[in-house]
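Each remark here refers to the structure printed beneath this line.
In what follows, every chain begins at residue 1, and chains take the letters A, B, ... in the order their sequences are listed.
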Amino acid sequence: MLQQTRVDQARPYFERFMASFPTVSVLASEELDAVLKHWEGLGYYSRARNIHAAANIVREHYGGYLPDDPDSLRQLPGIGPYTAGAISSIAFGRPVPAVDGNVVRVLSRLFMVDMDTRSSRDRRDAEPLANRLVDPQRPGDFNQSLMELGATICTPYTPACSRCPIQSSCMAYRSERVDDFPVRVERKRAPIVNHIAALAINGNGKILMVRRPTEGLLGGLWEVPQESLADEARPEEAAVLMMQKYDCTRVRTADLGMVRHAYSHFKVSATVFRIDVDCPHGDSETRKWMLPEQIDELATTGITKKMLGLLTGEHPQ
DNA sequence: CAGCCGTGGTT
DNA sequence: TAACCAAGGCT
């Protein structure tokens, strides 16, 4: 959960997750949908799929208990160099480094080395430095201290050097060049994609929910029918056309307005319609008709919650 | 190996 | 408000 995610954001998810899945074996025996529901809203849903798959491997190959060495941990889905080092040092007391973005930033300033916190190569190159520093008596506490220093004192912008416990050892500080480290690599601008979405409601007042493919963006989560809008297309016509793919016939259409949402590498601007429909098909593995109060049973996406909010007038944008 | 993969707080 | 960033991993 902590991969690319702040502690404060993950904490409530962690509490609920551990309450529901207290052991590896329990987690392994759960349906993926139940795991995804616990991950709903946390993002990077491949982590949920990976930890579920990893739990099954650990149950089969390790009797339900994680191995203690980084190389074995590294073989499990979702566990890379950082997580392997973190588990091995924190949970098992092994004297190995755990290099996350915080650690790269701290080491970059401490030794005044050009490094990019996001670069996997720079993270790898930082491991020998961290390995040299790690306290063999308390490797877990040391690694967490280094990360915590980066998260609270040695921050990306306006670091609190005056309160830093290793200020006198910091080469960047002594050279008055803290702001020059780590190196900042400019990112690509996220493109904006136009979508149309349909809150399709049948004669029973139920809304059509569809399940996304298990792999890829928001894999396995539920959403309302939506698709990208061709530049020349008219939104309302495109939405009605989209409903035909679900064998639904339009009865009435109402424009509910716009919804915006930012993903990791693109942005969506969606035009949302309420479309009352006649539809012959019932539920299946990938589509369900649900009353508004039932939708909470499903793991849904952030933009879907915004769209459904338009139906009841909540949080208009 | 560069791009894919979420969401929410901070600047 | 738009951009940046976060206890990264996978392909």
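Taking atom C1' in both C/dG9 and B/dC1, one finds a spacing of 13 Å when rounded to whole Å. Across the C1' atoms, C/dA6 and B/dG6 are found 12 Å apart, a figure rounded to whole Å. Using atom P as the reference point in both C/dA7 and B/dT11, the two lie 13 Å apart (nearest Å). Taking atom C1' on both nucleotides, C/dT1 is separated from B/dG8 by 15 Å, rounded to a whole Å.
Here A/R124 does not pair with A/E127 in a salt bridge; the nearest charged N to carboxylate O distance is not below 4.0 Å.
A donor-acceptor pair under 3.5 Å is absent between the side-chain atoms of A/T300 and the main chain of A/E223, judged by distance alone. Judged by distance alone, the side chain of A/D180 and the main-chain N or O of A/V183 form no donor-acceptor pair under 3.5 Å.
Atom CZ in A/R47 sits roughly 19 Å away from atom P in B/dC4 (whole-Å rounding). Between A/R260 atom CZ and C/dT1 atom P the separation is 11 Å, expressed in whole Å. In this entry the distance linking OH of A/Y45 with C1' of B/dC4 reads 16 Å, nearest Å. Rounding to whole angstrom units, NZ of residue A/K267 and C1' of B/dT7 are separated by 14 Å.
A/F17 and A/H38 have perpendicular rings, their planes meeting at more than 60° on a 0 to 90° scale where under 30° would count as parallel.
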- [ ] Carefully, step by step, assess A/R74 and A/D71 under the rule salt bridge (Lys or Arg N to Asp or Glu O under 4.0 Å).
- [x] CA-CA 5 Å; A/R74 194 70 184 70; A/D71 288 341; over 6 Å; no

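Residues of residues 208-222 of chain A having a heavy atom closer than 4.0 Å to DNA chain C: none are found.
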Open item on the list: Does the protein touch nucleotides 4-11 of chain C at the base, only the backbone, or not at all? Give it as B, S and - per nucleotide, heavy atoms under 4.0 Å.
Closed with: SBBBBSS-

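The side-chain tip of A/R184 points at the ring of A/Y157 from less than 6.0 angstrom away and within 45° of straight on.
Nearest-nucleotide mapping onto DNA chain B: of A/T158 and A/L42, the residue sitting toward the 5' end is A/L42.
Of the listed residues (A/D100, A/V99, A/V103), just one forms a side chain to side chain contact (heavy atoms under 4.5 Å, CB included) with A/L146, and that residue is A/V103.
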